[in-house]
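Hydrogens, waters and symmetry mates play no part in the numbers below; they use all other heavy atoms, side chains included. All ligand and atom numbering here is 1-based and tracks the order in the structure. None of these values were measured; they are calculated from a predicted model.
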Amino acid sequence: MHEGLNERRSLPAVSKVLDALAPIDLPRPVIVDAVRRRLTVLRKIGTNIPFEELVHSLEVELEQHRRSRLQIVVNATGVVLHTNLGRAPLHPEIAQEMAFAASTYGNVELDLARGTRGSRASYLEHHLALLCGAEAATVVNNCAAALVLMVKHFVSPGQEVLISRGELIQIGGGFRIGEIIAATGARLREVGSTNQTYLEDYEAGIDSNTALILTVHRSNFFMEGFVDSPALAPLAELARRKKLPLIADLGSGALAKFAEISPNPEPTPQEALKCGADLVCFSGDKLFGGPQAGIIAGRSRMIKALKREPVFRALRCDKLRLVALQGTVDLHLRDQSAQVPALQLLQISKDELRARAAVLFDRLRGLPLRVSVGRGSGKPGGGTLPRALIPSITLDIVPEFGTLETFSETLRAHAPPIIGYVSSGSYKLDLRTVFPFQDDILVDAIRSACSTGANNVET
Ligand SMILES: *Cc1c(COP(=O)(O)O)cnc(C)c1O
């Protein structure tokens with residue numbers, strides 16, 4: 001009686017809560033910290049929740065936290081370069097090479113012929129330059145970092161970067177070209193209007209403060225109608241005449257035009273350099289199909305100078321990324337682009353997807369679900385090819401228990417999590433982005449979602 005009263009008045013000891021928690025695969029200090037923080041909050045607000053309830057809610061919180069650990073998921077969204085899901089998947093052999101490199105030493109900065117200190121990434125830089133049709137190339141952390149490095153190098157604080165108003169774009173979650181340039185201390189000199197920028201606008205914008213001309217590919221949107229901007233070649237001619245460097249931020253790193261899937265071809269590095277851009281930059285993990293990286297290619301003396309910038313050291317890639325990049329570059333150079341997973345996924349035929357859907361459909365018979373094979377539209381994603389629609393095949397599921405949202409949640413709680421989407425009254429799994437070896441995982445996940453769901457309905 002006395003003890004009961006005490007228990008209701010005071011909070012339980014940390015150790016008592018720890019003993020009561022179900023085992024969970026998390027480092028002990030994380031669990032202890034969560035318990036302590038919860039008890040502190042309860043002490044402050046003075047709530048007296050039943051012990052069982054406290055333990056249960058901590059278990060839920062810890063489980064949610066455990067699931068936030070970076071892990072593989074099955075991408076059934078149909079978006080190939082999904083930024084939230086890590087953009088381009090790598091070739092399994094490249095991933096294997098990375099695993100070896102990770103667990104041992106490598107000739108990262110060692111010249112094996114001379115036995116002396118070598119330059120980092122020389123093999124990769126050589127091959128990248130060849131691939132881009134450039135004199136030289138180098139890599140940094142990502143394309144945003146490439147922009148920062150180049151603007152910092154060419155533009156002293158207070159000097160200006162000339163850019164068209166039609167190209168001051170925002171990419172993904174809050175990354176704006178204009179803001180990143182401003183963050184380097186450079187000033188923006190905007191020319192033209194949103195939809196119309198002429199060569200004369202650039203020319204009129206140039207004065208003694210101008211240090212750089214930048215063109216940016218409007219990666220994730222498309223303008224139609226009364227739209228004009230100068231081609232790269234005349235802009236390059238102007239830059240040369242005014243003795244200004246011209247940089248083209250290409251964004252996607254497409255090495256081909258992707259004309260089969262998009263009415264708006266992507267600019268390629270070879271083309272931009274041929275048109276006279278001094279340097280180009282693009283992402284490693286968009287249509288290039290490699291790991292996160294920012295690739296810079298162009299004039300040799302400029303690349304050399306960029307690599308001497310103190311900030312270059314802060315933006316460099318680690319050995320794992322270098323391994324992944326050299327593997328991807330070599331696939332492109334060996335004419336094996338078709339084996340780059342992101343490009344492979346974009347090209348799978350609808351018939352192949354339909355055949356897989358039919359097999360899955362059969363395997364899901366007898367479950368408390370209405371399943372049909374539907375049509376989806378896959379997307380390149382990652383802010384590339386905004387007008388491309390790739391016909392795809394979906395598995396459309398309506399469970400006979402619970403809601404679509406709960407079903408979707410249960411599949412996200414599966415190990416590995418399944419990421420589909422709800423649309424037009426069913427839960428959809430787009431097979432374009434699901435690797436064939438993951439079809440078994442889909443079936444397992446759906447089966448166990450059915451048993452969880454059906455049990456929940458009974459109780
Ligand atoms: C995606 C994109 C970037 C940013 O690339 P990250 O590699 O994600 O930093 C910069 N510029 C353009 C034009 C892009 O499309």
Quiz item: Can you tell me which residue and heavy atom of the protein come closest to atom 11 (N) of ligand 1, and the distance to 0.1 Å?
Solution: D249 OD2, 2.6 Å
Quiz item: What atoms of ligand 1 come within less than 4.0 Å of a heavy atom belonging to V216?
Solution: 13 (C)
Quiz prompt | Enumerated ligand 1 atoms positioned under 4.0 Å from heavy atoms of H217 | solution = 13 (C)
Practice problem: Might you work through the salt bridge (charged side-chain N to carboxylate O under 4.0 Å, His left out) test for R120 and E125, ending with a clear yes or no? | Solution: CA-CA 9 Å; R120 200 180 174 87; E125 288 177 342; over 6 Å; no
Exercise. May I ask you to identify the nearest protein heavy atom to atom 7 (O) of ligand 1, giving residue, atom name and distance to one decimal place in Å?
Key: S283 OG, 2.7 Å
Quiz item: With a 4.0 Å cut-off, would you call D33 and R36 a salt bridge?
Solution: no
Quiz item: Does the pair E260 and Q347 meet the rule for a side-chain contact (heavy atoms from CB on, under 4.5 Å), with working shown?
Solution: CA-CA 10 Å; E260 331 79 69; Q347 268 149 29; 4.3 Å; yes
Quiz item: Are R241 and E203 close enough, and set up right, to give a salt bridge (charged side-chain N to carboxylate O under 4.0 Å, His left out), and what steps lead you there?
Solution: CA-CA 10 Å; R241 195 148 44 80; E203 181 144 20; 3.2 Å; yes
Quiz item: Are any of the side-chain nitrogens in R363 or D439 under 4.0 Å away from the carboxylate oxygens of its partner?
Solution: no
Self-check item: Numbered atoms of ligand 1 (with element) below 4.0 Å of F175, judged on heavy atoms
Solution: 3 (C), 4 (C), 10 (C)
Quiz item: With only distance considered, is A144 within less than 3.5 Å of ligand 1 through an N or O on each side?
Solution: yes
Exercise. Output yes when R240 and D278 qualify as a salt bridge under the 4.0 Å nitrogen-oxygen rule, no when they do not.
Key: no
Quiz prompt | Mutual orientation of the aromatic rings belonging to F288 and H332 [parallel < 30°, tilted 30-60°, perpendicular > 60°] | solution = tilted
Quiz item: Of E167, K286, R87, which has the heavy atom at the shortest distance from atom 1 (C) of ligand 1?
Solution: K286
Practice problem: Can you pull out the closest protein heavy atom to atom 13 (C) of ligand 1? Residue, atom name and distance to 0.1 Å, please. | Solution: S219 OG, 3.2 Å
Self-check item: Geometric N/O contact L250 with ligand 1, under 3.5 angstrom
Solution: no
